[in-house]
Colleague: 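If you scroll down you'll find the structure; I have some questions about it.
Side chains included, hydrogens not; waters and symmetry mates left out as well; all remaining heavy atoms used. The structure presented is a predicted model; accordingly, all values stated were derived computationally and were not measured.
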Amino acid sequence: MSAQLPRSRSECTIKVKLPNSIHVQGGSNKGNCGLSVSSPELRSMLILLGALITGVSAYVHIIIPAIRMREKPLWAGVPLLLAGLSSVFFCVKGKKDEEVSLSLVVVKTACSILSAISIFLCVTAAVFCGIHIGHLFTYAYCEHVDNGCLCHHSQDQSARTFLYSPVEDCHFVYLHVKIFIIASGSLCVVGSLVAFSFVIHIWKSRYGNIAGGV
C-alpha cells in the first residue's frame, strides 16, 4: 500500500497540471491576431468602404475634373483602404508567428495610425462634400456653355459662379453630380464611424484585459 502512494500522488499532480497547460496554450492562440474577436467584420468594412470611396472619387475625377480635389475624397479613401489591408496582413502574420516580432509591431502601429488618420480625413471629406451639396441646392440658375455648365449663386451676373466641365448639359450636374457627391459624403461618414470603432477595438485588445489578467 505504501509503495503505491507516490504513484497516486504523481498521477494526481499530472491531472491537475494538464488543464492549466491547455488553458495557457489556448489563450496564446486566441491572442495571436492581437485584435478583438469581432474585428473581422470591421476589417472587411474598412476595405470595402475604402475601395468604394476611392472608386467613386476616381470616377468623378475622370468625368468632371473641374470639381475641386477637396470634394473628391480620394485622399480619404486610400488611407482607409490601407488601414483595412494592413489589419488583414497583421492578423495573417500574427497567426503564423508564435512570438511577437518587430515587423508585427510595425504593422500594428501603422494600422493604428492609418485608422486614426482615416477618422479625421473622412470627417473632413464629409464636411467638404456637404458644403458642395449645399451649393448645388442653392444655385440661382445654371446655363449651358461650350462643353460645360455654368452655375450662378444669384441673379447678379457679377456674383460667384462655378463651371462644371466637361459635361453634356446642366441636367447632368443636377442629377449625376449631386448623386456622386452625396454618395461620397455618406461613405465618408460611415467610414469615419467604422474607423473609430476599429481604433477602439485595437485599444481594447491591448489594454482592455489588464484588470482581468490581474
Side-chain angles (χ1 to χ4, degrees), residues 21-63 69-130 179-213:
S21 61
I22 293 173
H23 174 72
V24 172
Q25 185 178 0
S28 62
N29 288 338
K30 184 179 179 180
N32 274 343
C33 181
L35 298 176
S36 175
V37 177
S38 60
S39 60
E41 291 78 11
L42 292 176
R43 294 196 298 271
S44 300
M45 291 184 68
L46 283 175
I47 296 174
L48 178 61
L49 289 169
L52 287 174
I53 294 173
T54 304
V56 172
S57 303
Y59 180 72
V60 173
H61 179 72
I62 292 173
I63 62 173
M69 198 64 193
R70 70 179 189 181
E71 289 142 4
K72 296 176 287 189
L74 185 69
W75 42 271
V78 172
L80 194 66
L81 178 61
L82 292 177
L85 293 176
S86 62
S87 66
V88 172
F89 177 77
F90 172 78
C91 279
V92 171
K93 186 173 179 58
K95 290 177 181 179
K96 291 181 179 179
D97 297 344
E98 295 181 357
E99 297 180 357
V100 178
S101 60
L102 178 61
S103 61
L104 201 62
V105 174
V106 171
V107 172
K108 185 174 183 179
T109 303
C111 177
S112 303
I113 294 175
L114 286 170
S115 300
I117 292 176
S118 297
I119 299 173
F120 172 75
L121 292 180
C122 286
V123 171
T124 304
V127 171
F128 284 141
C129 290
I179 292 175
F180 291 143
I181 300 298
I182 291 176
S184 298
S186 301
L187 289 172
C188 287
V189 171
V190 178
S192 64
L193 295 176
V194 173
F196 181 72
S197 300
F198 189 70
V199 170
I200 291 177
H201 277 83
I202 294 177
W203 179 267
K204 285 184 177 181
S205 69
R206 179 64 180 86
Y207 301 105
N209 297 323
I210 291 180

Colleague: Who passes side-chain contact (heavy atoms from CB on, under 4.5 Å) against C188, sequence neighbours left out?
Modeller: I53, P73, C122, A125, A126
Colleague: Please report the shortest heavy-atom distance between V107 and F89, naming the atom on each side.
Modeller: CG2-CE2, 3.5 Å
Colleague: Test of understanding: with side-chain contact (heavy atoms from CB on, under 4.5 Å), list the residues that count as partners of T109, not counting sequence neighbours.
Modeller: V105, I113
Colleague: Please round to the nearest 0.5 Å and tell me the distance separating atom CZ of F196 and atom OG of S118.
Modeller: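 Those atoms lie 14.0 Å apart.
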Colleague: Could you list the donor-acceptor pairs under 3.5 angstrom formed by side chains in residues 74-84, with sequence neighbours left out?
Modeller:
residue	atom	partner	partner atom	Å
W75	NE1	M69	O	2.9

Colleague: Rounded to the nearest 0.5 Å, what's the gap from CG on L85 to CZ on R43? Could you check?
Modeller: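 Result: 11.5 Å between the selected atoms.
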Colleague: Verify, without hydrogens or angle tests, whether S192 (side chain) and V189 (backbone) share a donor-acceptor contact under 3.5 angstrom.
Modeller: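 Yes; judged by distance alone, with no hydrogens or angles, the pair exists.
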Colleague: Run the side-chain contact (heavy atoms from CB on, under 4.5 Å) test against S86 and tell me which residues pass, sequence neighbours left out.
Modeller: C111, L114
Colleague: So which atom in L42 and which in V194 form the shortest heavy-atom distance, rounded to 0.1 Å?
Modeller: O-CG1, 4.0 Å
Colleague: So, using ring-ring contact (aromatic ring centres under 6.0 Å, His included) as the criterion, who are the partners of Y59 when residues are at least two apart?
Modeller: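 ring-ring contact (aromatic ring centres under 6.0 Å, His included) check on Y59 returns F180.
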Colleague: Identify the two heavy atoms, one from K108 and one from I202, that lie closest to each other, and give their separation to 0.1 Å.
Modeller: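 In this case the closest contact between K108 and I202 is CE-CG2, 4.1 Å.
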Colleague: About how many Å separate NE2 of H61 and OG1 of T54, when rounded to the nearest 0.5 Å?
Modeller: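 One finds 13.5 Å between OG1 of T54 and NE2 of H61.
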Colleague: Checking L48 now: which residues fulfil side-chain contact (heavy atoms from CB on, under 4.5 Å) with it, not counting sequence neighbours?
Modeller: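 Listed in chain order: L52.
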